[in-house]
J.: 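Starting off with a structure, shown below.
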Number of protein chains: 2
Amino acid sequence: MKKKEKFRSPIAEAMHETVRGMHRVGLVDKQTMREFDVRCLTSVEDLTAADIVAMREEAGVSQAVFARALNVTTDYVSKIERGAKRPSGSTLKLLSLMRRKGFEAIL
Amino acid sequence: MKKKEKFRSPIAEAMHETVRGMHRVGLVDKQTMREFDVRCLTSVEDLTAADIVAMREEAGVSQAVFARALNVTTDYVSKIERGAKRPSGSTLKLLSLMRRKGFEAIL
DNA sequence: AGAACTATAGGACATAGACCCATAAATATC
DNA sequence: GATATTTATGGGTCTATGTCCTATAGTTCT
């Protein structure tokens, strides 16, 4: 079994363990714990056009491949990288996910 | 002087070499080989409203938590589940990702 | 009974994101 | 060297995604 890194910071992990401990002694139910995790881990960072270019270039793929991975069109990626359009909602989430976990994590 | 790279990443190189080998043996044609790098990334399943409800219920979360994980609004999730709206693009990708890898994979 | 959370359902509306075309640079193939 | 092909930019138009708003109603708490 492989070690899976669920949290980025030790602080976040410590918080998770704290609440998990509360769950063990019955202070919080499973639903609350899951919601806690979601609230903690779903923060999406604002990404600039330059950030996205950097992410794509680090992945070493073309705009076409990058677009396919996001399930958007190629020229939309182009517009995003030029700052002509701003990604939002689920697109931003997907990009944020990719930044944290790597390009392969969203394939 | 920078070493001239034929491919942008080890991953891309590995993928390309694999398909190129298939081309040599005649398993794929030239056209397919040319666009393999892009085509191999396009696997987004169509999800019905019922599928999405089932996914959320299996994850055991409310529409609010589900929406937050996708970085969309709560009543958009409600509309999707009722079939009033259809997810597309990156939203569909994110849902597809979640279906294949589990709810925790997109946190 | 009163909060608080849950989900449905309506309408109004802005813009994300698709689709269209042309241009031009690198790179691949002959 | 000539010719395709890939790559990316940049213009425009336009649909419907997705947000925001309000109201209604069923649960599950205290």
Side-chain angles (χ1 to χ4, degrees), chain A residues 27-36 38-39 44 46-47 49-50 52-57 59-96, chain B residues 2-9 12-13 15-17 19-20 23-24 29-39 41-42 44 46-47 49-50 52-57 59-96:
Chain A
L27 287 177
V28 299
D29 61 318
K30 194 178 180 183
Q31 173 69 29
T32 304
M33 204 186 84
R34 188 155 29 208
E35 187 165 346
F36 172 81
V38 173
R39 290 248 161 88
V44 293
D46 242 19
L47 298 169
I52 297 171
V53 175
M55 288 168 60
R56 181 175 62 83
E57 286 180 344
V61 296
S62 64
Q63 287 182 344
V65 173
F66 197 79
R68 290 281 184 179
L70 297 173
N71 199 33
V72 297
T73 59
T74 302
D75 56 65
Y76 178 52
V77 170
S78 175
K79 284 187 167 85
I80 284 177
E81 291 189 354
R82 276 177 284 141
K85 295 283 183 179
R86 286 189 135 187
S88 73
S90 56
T91 307
L92 206 58
K93 169 72 187 191
L94 211 44
L95 287 167
S96 178
Chain B
K2 195 168 156 187
K3 180 171 136 189
K4 200 168 197 174
E5 287 178 297
K6 197 171 180 185
F7 299 97
R8 305 179 193 218
S9 73
E13 182 172 356
M15 289 194 301
H16 184 87
E17 278 309 311
V19 183
R20 201 177 165 201
H23 174 235
R24 287 194 202 97
D29 58 20
K30 197 174 178 182
Q31 177 74 18
T32 303
M33 195 193 85
R34 227 182 264 123
E35 298 183 353
F36 176 77
D37 286 344
V38 176
R39 286 179 186 251
L41 295 171
T42 70
V44 189
D46 273 5
L47 298 169
I52 298 171
V53 175
M55 288 167 59
R56 181 176 62 82
E57 286 179 346
V61 296
S62 64
Q63 288 181 345
V65 173
F66 197 79
R68 196 178 174 101
L70 297 173
N71 198 34
V72 296
T73 59
T74 302
D75 53 61
Y76 178 51
V77 170
S78 175
K79 286 187 168 79
I80 284 176
E81 291 190 354
R82 278 177 283 140
K85 297 283 183 179
R86 291 178 121 192
S88 71
S90 56
T91 307
L92 206 57
K93 169 73 186 192
L94 208 45
L95 288 167
S96 176

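Note that this is a predicted model, so its numbers are computed, not measured. No hydrogens, no waters, no symmetry mates; every other heavy atom, side chains included, goes into these values. First the proteins, then the strands, lettered A, B, ... as listed; each starts at 1.
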J.: Calculate the interatomic distance between I52(A) atom CD1 and dA16(C) atom P; express it in whole Å.
T.: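 Rounded to whole Å, this separation is 12 Å.
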J.: R68(A) has an atom CZ; how far is it from atom P of dA8(D), in whole Å?
T.: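 These atoms are roughly 14 Å apart.
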J.: Could you tell me how far apart L95(A) (CG) and dA16(C) (P) are, to the nearest whole angstrom?
T.: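 Atom-to-atom, L95(A) to dA16(C), this comes out as 14 Å.
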J.: Pick the nucleotide of DNA chain C nearest each of V72(A) and V77(B); which residue has the one closer to the 5' end?
T.: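 Residue closer to the 5' terminus by nearest nucleotide: V77(B).
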J.: What residue among V72(B), L47(B), V77(B), I52(B) forms side-chain contact (heavy atoms from CB on, under 4.5 Å) with P87(B)?
T.: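 Answer to the side-chain contact (heavy atoms from CB on, under 4.5 Å) test with P87(B) among V72(B), L47(B), V77(B), I52(B): I52(B).
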J.: Within this structure, what is the CZ-OG1 distance for the pair R68(A) and T74(A), rounded to the nearest 0.5 Å?
T.: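 Those atoms lie 7.0 Å apart.
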J.: Apply side-chain hydrogen bond (donor to acceptor under 3.5 Å, both in side chains) to T73(A) and list each qualifying residue two or more places apart in sequence or on a separate chain.
T.: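 side-chain hydrogen bond (donor to acceptor under 3.5 Å, both in side chains) list for T73(A), sorted by chain: empty.
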J.: Within the side chain of K93(B), is there an N or O that forms a donor-acceptor pair under 3.5 Å with the backbone of V44(B)?
T.: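 No, because the side chain of K93(B) does not come within donor-acceptor range (under 3.5 Å) of the backbone of V44(B).
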J.: Is a donor-acceptor pair below 3.5 Å formed from side chain K85(A) to base dG10(D), judging by atom type as modelled?
T.: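 For K85(A), whose side chain was compared with the base of dG10(D), there is no donor-acceptor pair (under 3.5 Å).
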J.: Taking CD1 from I80(B) and C1' from dT17(D), how many angstroms apart are they, rounded to a whole number?
T.: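 After rounding, the gap between these two atoms is 9 Å.
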J.: Quick one: which of dC19(C), dG10(C), dT9(D) gets closest to the side chain of T73(A)?
T.: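 Nearest nucleotide to the side chain: dC19(C).
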J.: Starting at the 5' end of DNA chain D, what dot-bracket string do you get if Watson-Crick and G-U pairs under 3.5 Å are bracketed, crossing pairs use [ ], other-strand pairs use | and unpaired bases use dots?
T.: ||||||.|||.|||||||||.|||.|||||
J.: Would you confirm whether S90(A), through its side chain, and T91(B), through its main-chain N or O, come within 3.5 Å as a donor-acceptor pair?
T.: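 Yes, the answer is positive, given that a donor and an acceptor are paired below the 3.5 Å cut-off.
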J.: Which residue lies toward the 5' end of DNA chain D, D75(B) or P87(B), if each is placed at its nearest nucleotide?
T.: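 Whichever sits nearer the 5' end wins; that is P87(B).
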J.: Given dC19(C), dA7(C), dT17(D), identify the nucleotide with an atom nearest to the side chain of K79(A).
T.: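 Nearest nucleotide to the side chain: dC19(C).
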J.: Would you mind telling me which of dG17(C), dA8(D), dG10(D) lies closest to the side-chain atoms of T91(A)?
T.: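 Of all the options, the side chain of T91(A) is nearest to dG17(C).
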J.: So how far is it from Q63(A) CD to E57(A) CD, rounded to the nearest 0.5 Å?
T.: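 So the gap between those two atoms works out to 9.5 Å.
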J.: When the distance from CZ of R86(A) to C1' of dA16(C) is rounded to whole Å, what number comes out?
T.: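 In whole Å, dA16(C) C1' and R86(A) CZ are 13 Å from each other.
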J.: Are F66(B) and L95(B) close enough, and set up right, to give a side chain to side chain contact (heavy atoms under 4.5 Å, CB included), and what steps lead you there?
T.: CA-CA 10 Å; F66(B) 197 79; L95(B) 288 167; 3.9 Å; yes
J.: I want to check one thing: is the phosphate of dT6(C), taken as OP1 and OP2, less than 4.0 Å away from some side-chain N or O of S62(B)?
T.: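 Result: yes.
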J.: Check the phosphate of dT7(D) against R56(A), side-chain N and O only, distance under 4.0 Å to OP1 or OP2. Yes or no?
T.: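 Answer no for this pair, as no side-chain N or O of R56(A) is under 4.0 Å from OP1 or OP2.
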J.: Does S88(B) reach a base, just sugar-phosphate, or nothing at all? Heavy atoms under 4.0 Å.
T.: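 The residue S88(B) makes sugar-phosphate contact but no base contact.
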J.: Between K93(A) (NZ) and dG17(C) (P), how many Å, whole number?
T.: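 In whole Å, dG17(C) P and K93(A) NZ are 16 Å from each other.
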J.: Rounding to an integer number of Å, can you tell me how far F66(B) CZ sits from dT6(C) C1'?
T.: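 From F66(B) CZ to dT6(C) C1': 16 Å.
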J.: Between Y76(A) (OH) and dA8(D) (P), how many Å, whole number?
T.: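 Taking atom P of dA8(D) as the reference, OH of Y76(A) is at 17 Å.
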J.: Grab the two heavy atoms, one from A49(A) and one from E81(A), that are nearest each other, plus how far apart they are.
T.: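 Shortest heavy-atom separation between A49(A) and E81(A) comes out as CB-O, 3.4 Å.
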J.: Where the side chain of Q63(A) is concerned, which of dT17(D), dT9(D), dC19(C) is the nearest nucleotide?
T.: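 Selected nucleotide (nearest to the side chain): dT9(D).
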